[in-house]
*Asks:* 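Sharing a structure below in structure tokens format, with a few things to ask.
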Amino acid sequence: MKQLLLCLFGVVVCLCHSAAQSTVDTKIGVNTVQDDKTFVLIISNENYKYEQPVPHALNDGNIFRLYCEKTLGIPADNIKYQPDASLNDMQTQLWLLEKKMKAFEGEARALVYYSGHGMPSDDGKDAYLLPVDGNSAIPRSGVSVADMYQQLGKMPSRQTLVLLDACFSGARRDGQMLASSRGVAIKARQEPVTGNMVVFSAAQGNETAYPYTEKRHGLFTYYVLEQLQQKGGCIKLGELCDYVTKQVSRTSIVKNEKSQTPSVMASPSTPDWREWKFADKPATQYETVTQQRNETPKLHAEATHTVETHSVVERNSEKPALNLGYAEWFGAVVNGKPDGVGKMVFKKRHLIDSNDADKHEASSGDWIEGSYSNGHLEHGTWHKVNGEAELLLIGL
């Protein structure tokens with residue numbers, strides 16, 4: 001009897017662990033058709049220096065990146081993922097996206113995704129996206145939504161789609177930010193959009209954009225991913241907006257007892273925006289992702305199958321892609337060096353990076369989740385064994 005109870009307990013634990021990880025994170029469609037004329041900018045800001053964190057924003061960005069590359073067939077070189085972006089990061093990447101659109105002379109599409117804090121000016125007339133080094137009390141420390149829309153609207157793109165999992169409300173009466181919200185302060189004025197641009201936002205008016213805690217995503221992002229997964233990426237923008245708006249509105253009123261209604265703003269130059277397609281053909285294969293908490297997702301190829309017959313395969317551990325002696329690297333390796341977004345786990349006390357002017361040293365057990373280029377850390381979050389975390393901006 002004792003052995004039977006232990007076995008049943010083990011089964012329950014395993015089932016609870018599986019349920020904690022959303023299926024949109026563990027089953028990624030793979031498209032056989034490549035879209036090399038779409039360029040993506042993904043900014044996911046979770047760990048703020050002066051503000052409360054945004055729950056699950058990094059997971060939002062990580063998984064959306066996988067859907068762009070795998071399900072929509074966009075080449076990895078066309079996707080710029082900027083986790084925990086500084087003001088300089090955000091401005092630089094928007095500038096680079098503009099350069100890419102000009103190089104393709106109107107033949108390319110642009111997709112901009114943002115997950116993080118929004119912020120209004122004191123009078124509510126202007127709205128800003130808040131970088132991780134920004135302060136909600138200082139508007140100039142953020143990226144002006146009006147300026148960003150103007151910049152994107154002037155780009156010579158075939159189509160420009162902006163997805164915003166952020167809002168511009170959510171303060172308590174005492175002036176502190178709600179820990180469960182993804183925005184700050186008072187209602188901000190909606191900015192007009194121009195050019196070949198459509199903006200799909202997580203909330204409207206003075207509503208809050210909530211997290212979907214059970215799914216480890218923003219509520220808005222979760223239903224965007226769910227619909228892309230169900231349709232294999234082959235869905236029209238109008239269908240996606242209708243589905244996400246309905247699901248977010250219903251889920252928010254049930255779970256939060258508050259309204260959250262996504263909104264669409266389309267430029268007058270885009271009367272056909274509802275017909276825009278994410279992918280011309282649906283994904284026909286799927287890959288399993290095993291993702292431990294605070295780790296970069298890992299992909300494993302599987303045979304072709306359908307949604308109904310798919311089962312998630314869990315792995316107990318991941319082998320490092322590179323053993324550096326003083327640390328182990330979990331992520332992409334180029335020319336024998338860490339390159340891309342991943343995780344560096346230190347095995348002994350060591351200098352974090354030779355390019356670090358402040359000469360930070362990690363201790364055994366510390367780990368860094370961030371972006372590396374040619375073996376050097378660009379930016380990331382340094383997680384210490386004592387539970388503290390510190391943002392590092394080195395190669396910027």
*Asks:* I'd like to know if the side chain of Thr71 and the backbone of Gly29 have a donor-acceptor N/O pair within less than 3.5 Å.
*Replies:* yes

*Asks:* Could you tell me whether Lys255 and Glu214 make a salt bridge, using a distance below 4.0 angstrom between a side-chain N and a carboxylate O?
*Replies:* yes

*Asks:* Rounded to the nearest 0.5 Å, what separation is found between the CG atom of Leu72 and the CG atom of Leu228?
*Replies:* 6.0 Å

*Asks:* State the CD1-CG distance between Ile368 and Asp366, to the nearest 0.5 angstrom.
*Replies:* 8.0 Å

*Asks:* Which pairs, with at least one residue in residues 145-160 and sequence neighbours excluded, count as a salt bridge (charged side-chain N to carboxylate O under 4.0 Å, His left out)?
*Replies:* none

*Asks:* Please tell me if the side chains of His217 and Pro211 come closer than 4.5 Å, counting only heavy atoms from C-beta onward.
*Replies:* no

*Asks:* Run the side chain to side chain contact (heavy atoms under 4.5 Å, CB included) test on Asp126 and Val145 for me, step by step, so that the C-alpha distance in whole Å, both residues' side-chain angles and the decisive distance to 0.1 Å come before the verdict.
*Replies:* CA-CA 8 Å; Asp126 300 296; Val145 171; over 6 Å; no

*Asks:* To the nearest 0.5 angstrom, please state how far the OG1 atom of Thr381 sits from the CG atom of Leu58.
*Replies:* 6.5 Å

*Asks:* Is there a donor-acceptor contact under 3.5 Å from the side chain of Gln260 to the main chain of Ala202?
*Replies:* yes

*Asks:* List for me each residue that meets side-chain hydrogen bond (donor to acceptor under 3.5 Å, both in side chains) alongside Lys347, sequence neighbours excluded, and say none if there are none.
*Replies:* Asn323

*Asks:* Using only atom types and a distance under 3.5 Å, with no angle test, would you say the side chain of Asp165 pairs donor to acceptor with the backbone of Ala209?
*Replies:* no

*Asks:* Do Tyr212 and Val244 share a hydrophobic cluster (ILVMFWY, side-chain heavy atoms under 4.5 Å, transitive)?
*Replies:* yes

*Asks:* Can you tell me if CG on Asn386 sees more than 12 non-hydrogen neighbours from other groups inside 6.0 Å?
*Replies:* yes

*Asks:* Would you say Glu226 and Tyr222 are linked by a side-chain donor-acceptor pair, where the criterion is simply a distance under 3.5 Å?
*Replies:* yes

*Asks:* Do Leu111 and Phe64 have side-chain heavy atoms sitting under 4.5 Å apart?
*Replies:* yes

*Asks:* Would you find more than 12 non-hydrogen atoms of other residues, nucleotides or ligands less than 6.0 Å from Lys49 atom NZ?
*Replies:* no

*Asks:* Have Ser259 and Glu207 got a donor and an acceptor in their side chains that come within less than 3.5 Å?
*Replies:* no

*Asks:* Sub-3.5 Å donor-acceptor pair from the side chain of Asp339 to the main-chain atoms of Val333, do we have one?
*Replies:* no

*Asks:* Is Glu51 reaching over with its side chain to a backbone N or O of Ser136, donor-acceptor style, under 3.5 angstrom?
*Replies:* yes

*Asks:* Kindly determine whether Val24 and Lys215 satisfy side chain to side chain contact (heavy atoms under 4.5 Å, CB included), including the steps that lead there.
*Replies:* CA-CA 9 Å; Val24 302; Lys215 305 297 185 180; over 6 Å; no

*Asks:* Considering non-hydrogen atoms only, spot the tightest contact between Ile138 and Ser141 and give its length.
*Replies:* O-OG, 2.6 Å

*Asks:* Report yes or no: do Asn196 and Ser267 form a side-chain donor-acceptor pair below 3.5 Å?
*Replies:* no

*Asks:* Can you find a pair of side-chain heavy atoms, one from Leu94 and one from Gln151, that are under 4.5 Å apart?
*Replies:* yes

*Asks:* Taking Arg109 for its side chain and Phe278 for its backbone only, find out whether a donor-acceptor pair lies under 3.5 Å.
*Replies:* yes

*Asks:* Is there a side-chain contact between Phe346 and Glu328 (heavy atoms, below 4.5 Å)?
*Replies:* no

*Asks:* Please go through Ile253's hydrophobic cluster and name the other residues, only I, L, V, M, F, W, Y counting, with side-chain heavy atoms under 4.5 Å joining them.
*Replies:* Val254

*Asks:* Work out which heavy atom in Gln204 is nearest to a heavy atom in Pro262; give both atom names and the distance.
*Replies:* NE2-O, 4.1 Å

*Asks:* Can you list every salt bridge (charged side-chain N to carboxylate O under 4.0 Å, His left out) pair that touches residues 354-363, not counting sequence neighbours?
*Replies:* Arg349-Glu361

*Asks:* Rounded to the nearest 0.5 Å, how far does CG of Asp60 lie from CG of Asp25?
*Replies:* 9.0 Å

*Asks:* Mind telling me whether Trp367 and His383 have parallel, tilted or perpendicular rings, with 30° and 60° as the class edges?
*Replies:* parallel

*Asks:* Show your working on side chain to side chain contact (heavy atoms under 4.5 Å, CB included) between Trp276 and Thr270 and close with a plain yes or no.
*Replies:* CA-CA 10 Å; Trp276 290 6; Thr270 59; 3.7 Å; yes

*Asks:* Distance check, rounded to the nearest 0.5 Å: Trp329 atom CH2 versus Lys343 atom NZ?
*Replies:* 11.0 Å

*Asks:* Can Glu107 and Lys37 be said to form a salt bridge (charged side-chain N to carboxylate O under 4.0 Å, His left out), step by step?
*Replies:* CA-CA 7 Å; Glu107 296 180 8; Lys37 288 188 177 180; 3.0 Å; yes

*Asks:* Is the ring pair His360/Trp382 parallel, tilted or perpendicular, if the boundaries are 30 and 60 degrees?
*Replies:* perpendicular

*Asks:* Any chain of hydrophobic side-chain contacts (each under 4.5 Å) joining Val30 to Leu225?
*Replies:* no

*Asks:* Restricting to non-hydrogen atoms, name the atom on Tyr149 and the atom on Met197 that form the minimum distance, rounded to 0.1 Å.
*Replies:* O-CE, 3.4 Å

*Asks:* With a sphere of 6.0 Å drawn around NZ of Lys337, does it hold more than 12 non-hydrogen atoms of other residues, nucleotides or ligands?
*Replies:* no

*Asks:* What pairs of residues pass the salt bridge (charged side-chain N to carboxylate O under 4.0 Å, His left out) test when at least one of them lies in residues 257-277, not counting sequence neighbours?
*Replies:* Lys236-Glu275, Asp242-Arg274

*Asks:* Between Thr221 (side chain) and Gly218 (backbone), is there a donor-acceptor pair under 3.5 Å?
*Replies:* no

*Asks:* Locate the shortest heavy-atom distance separating Asn59 from Arg216; write the atom from each residue and the value.
*Replies:* ND2-O, 2.8 Å

*Asks:* Side-chain donor-acceptor pair under 3.5 Å between Asn47 and Asp84, yes or no?
*Replies:* yes

*Asks:* So for atom OH, which belongs to Tyr50, do other residues, nucleotides or ligands contribute more than 12 heavy atoms lying within a distance under 6.0 Å?
*Replies:* no

*Asks:* Starting at CZ of Arg65, measure out to NZ of Lys70 and round the result to the nearest 0.5 Å.
*Replies:* 9.5 Å

*Asks:* Grab the two heavy atoms, one from Val224 and one from Leu240, that are nearest each other, plus how far apart they are.
*Replies:* O-CD1, 4.0 Å

*Asks:* Quick one: sort the His350 and Tyr326 rings into parallel, tilted or perpendicular, breaks at 30° and 60°.
*Replies:* parallel

*Asks:* Once ring pair (Phe, Tyr, Trp, His ring centres under 6.0 Å) is applied, what residue pairs with a partner in residues 89-109 remain, sequence neighbours excluded?
*Replies:* Phe39-Phe104

*Asks:* In sequence, state the C-alpha distance, the side-chain angles, and the governing distance for Tyr81 and Asn62, and then conclude on side chain to side chain contact (heavy atoms under 4.5 Å, CB included).
*Replies:* CA-CA 8 Å; Tyr81 173 47; Asn62 257 327; 3.5 Å; yes

*Asks:* With no hydrogens and no angle check, is any side-chain donor or acceptor of Ser252 less than 3.5 Å from a backbone partner on Val248?
*Replies:* no

*Asks:* Just so I know, are the side chains of Leu152 and Val162 near enough to count as touching, which here means a heavy-atom distance under 4.5 Å?
*Replies:* yes

*Asks:* Looking just at side-chain N and O atoms, do Asp35 and Thr38 make a donor-acceptor pair shorter than 3.5 Å?
*Replies:* yes

*Asks:* Pro131 and Gly142: which non-hydrogen atoms are nearest, and at how many Å?
*Replies:* CD-CA, 3.6 Å

*Asks:* Is there a donor-acceptor pair closer than 3.5 Å between any side-chain N or O of Asp353 and the backbone N or O of Leu377?
*Replies:* yes

*Asks:* Between Gln229 and Tyr286, is there a side-chain donor-acceptor contact under 3.5 Å, judged purely by atom types and distance?
*Replies:* no

*Asks:* Give a yes or no answer on whether the side chain of Tyr210 reaches the backbone of Thr213 with a donor-acceptor pair at less than 3.5 Å.
*Replies:* no

